[in-house]
Amino acid sequence: MATPFGWTVDGFEVQFGTNYLGHFALITRIEPLLADNGRLVVLSSQAHRVTDIDLDDPNFEQQAYDPFVAYGRSETATSLFAVEFDQRHRDRGIRAASVMPGNSITDLPRHFSQEGLQGLFETVGKARAEAGLSPAELKEIPQAAATSVWAAVVANKDEIGGHYLEDCAVAPIDDTPNPFADGVRSYALDIDRAKQLWAKSEELISAAS
């Protein structure tokens, strides 16, 4: 999350490569092993609300690097991956969804200083207050895992397929520009963008092979 600029060993911007493209490569290669009528659950983030993907420059080769923008793009990509995977495999009864687990204290923000992390919390609180939203609450680890478990073994897979989930429910679409609001931005569920990203991902992986 919000790492300094760097490259994976395959030459991809490190957040795009780690948070999204590696998962894409793994899942598409083991897809034949998935049982019919199964389900795929992938983790996205509220940070997808920061920005849409950039298909023309996914690796920040033509623009200044912003660590949080890069993180947001990688999480939007993850949501779009679930959308397209769901489209491609629902004829086998396989449904896919992306999950916002909720904010919790883990090692994820290890690239933030203590002051930087506190500043992020204050920014989130201010943005939510200005939007008339309730204060953001940190979840305990079991609470953060709950939506993933719910999606994997409890929820009706046909009701969650192709959706973005939070707090053990299908998240509503909310296109307000506030990056710290609840809900999902519509661009993270856009079927056409999901197809374009899939094609771009295959191209990038092929070029790196």
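- Between the side chains of Asn178 and Thr176, no donor-acceptor pair of N or O atoms lies under 3.5 Å.
- Linking Ile, Leu, Val, Met, Phe, Trp and Tyr residues whenever their side-chain heavy atoms come within less than 4.5 Å leaves Val50 and Leu189 in two separate clusters.
- Leu43 and Glu75 make their closest contact through O-OE1, 3.6 Å (heavy atoms, listed as atom of the first residue, atom of the second, distance).
- A donor-acceptor pair is defined here as one N or O able to donate and one able to accept, closer than 3.5 Å; no such pair exists between the side chain of Lys157 and the backbone of Ala152.
- Atom NZ of Lys200 is separated from atom CG of Leu80 by 15.0 Å, given to the nearest 0.5 angstrom.
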Open item on the list: Before you tell me yes or no, could you show the steps for Glu84 and Leu197 under side-chain contact (heavy atoms from CB on, under 4.5 Å), namely the whole-Å CA-CA distance, both residues' side-chain angles and the distance that decides it to 0.1 Å?
Closed with: CA-CA 9 Å; Glu84 178 62 8; Leu197 175 62; over 6 Å; no
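- No side-chain donor from either of Gln62 and Asp56 sits under 3.5 Å from a side-chain acceptor of the other.
- Scored by the side chain to side chain contact (heavy atoms under 4.5 Å, CB included) test, Asp182 finds Gln46, Arg128, Glu166 as partners (sequence neighbours excluded).
- Looking only at distances, no side-chain donor or acceptor of His89 sits under 3.5 Å from a matching main-chain atom of Ala96.
- When hydrophobic clusters are built by joining Ile, Leu, Val, Met, Phe, Trp and Tyr residues whose side-chain heavy atoms come closer than 4.5 Å, directly or via intermediates, Val154 is grouped together with Val170.
- Ring pair Tyr71/Phe68 is tilted by interplanar angle, where 30° to 60° counts as tilted.
- Under the 4.5 Å side-chain heavy-atom criterion for ILVMFWY residues, no single connected hydrophobic cluster contains both Ile94 and Val41.
- From Thr28, atom OG1 reaches atom CH2 of Trp198 across 6.0 Å, with rounding to the nearest 0.5 Å.
- Shown here for Ala82 and Ser98, the closest heavy-atom pair between the two residues is CB-N, 3.9 Å.
- Classified by interplanar angle (parallel below 30°, tilted 30° to 60°, perpendicular above 60°), the ring pair Tyr164/His48 is tilted.
- Closest heavy-atom contact between Gly183 and Ala171: CA-CB, 4.2 Å.
- Side-chain atoms of Asp175 and Ser186 include a donor-acceptor pair closer than 3.5 Å.
- Although no hydrogens or angles enter the test, the distance criterion places no donor-acceptor pair under 3.5 Å between the side chain of Ser206 and the main chain of Glu202.
- Between the side chains of Ser201 and Tyr20, at least one donor N or O sits under 3.5 Å from an acceptor N or O.
- A single hydrophobic cluster is not seen to contain both Phe81 and Val83; linkage of ILVMFWY side chains at heavy-atom distances under 4.5 Å, directly or through other members, places them apart.
- Taking OG of Ser74 as the start and CD1 of Ile53 as the end, the distance is 11.5 Å to the nearest 0.5 Å.
- At a threshold of 4.0 Å, the pair Glu31-Arg92 counts as salt-bridged, since one of the basic side-chain nitrogens sits closer than that to a carboxylate oxygen.
- The nearest pair of heavy atoms linking Asp167 to Lys139 is OD1-NZ, 2.6 Å.
- With a 4.5 Å cut-off on side-chain heavy atoms, Thr78 and Thr76 do not count as touching.
- A distance of 5.0 Å separates CG in Asp54 from CD in Gln63, rounded to the nearest 0.5 Å.
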Open item on the list: With side-chain contact (heavy atoms from CB on, under 4.5 Å) as the criterion, how do Leu21 and Gln15 come out once you've worked through the C-alpha distance, each side chain's angles and the decisive distance to 0.1 Å?
Closed with: CA-CA 9 Å; Leu21 204 54; Gln15 293 188 86; over 6 Å; no
TODO: Using the side-chain contact (heavy atoms from CB on, under 4.5 Å) rule, take Arg49 and Asp174 through it: C-alpha gap first, then chi angles, then the decisive distance, then the call.
DONE: CA-CA 9 Å; Arg49 298 186 58 87; Asp174 184 341; 4.0 Å; yes
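- In terms of heavy atoms, Val99 sits closest to Ser148 at CG1-OG, 3.7 Å.
- Annotation: the span from Arg193 atom CZ to Asp52 atom CG amounts to 4.5 Å, rounded to 0.5 Å.
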TODO: Let me see the working for Arg95 and Ile160 under side-chain contact (heavy atoms from CB on, under 4.5 Å), right down to the final yes or no.
DONE: CA-CA 8 Å; Arg95 304 306 303 267; Ile160 65 172; 5.7 Å; no
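- Taking both residues in full, the closest heavy atoms of Val69 and Phe60 are given as CG1-CZ, 4.1 Å, listed atom of the first, atom of the second, then distance.
- Under the 6.0 Å cut-off for aromatic ring centres, Phe12 and Trp7 do not qualify, their centroids lying 6.0 Å or more apart.
- Taken together through direct or relayed side-chain contacts under 4.5 Å among Ile, Leu, Val, Met, Phe, Trp and Tyr, Phe24 and Leu55 form part of one hydrophobic cluster.
- Under the 4.5 Å side-chain criterion, counting only non-hydrogen atoms from C-beta, Pro58 is in contact with Leu204.
- Distance check: Phe5 CZ to Glu13 CD gives 6.5 Å after rounding to the nearest 0.5 Å.
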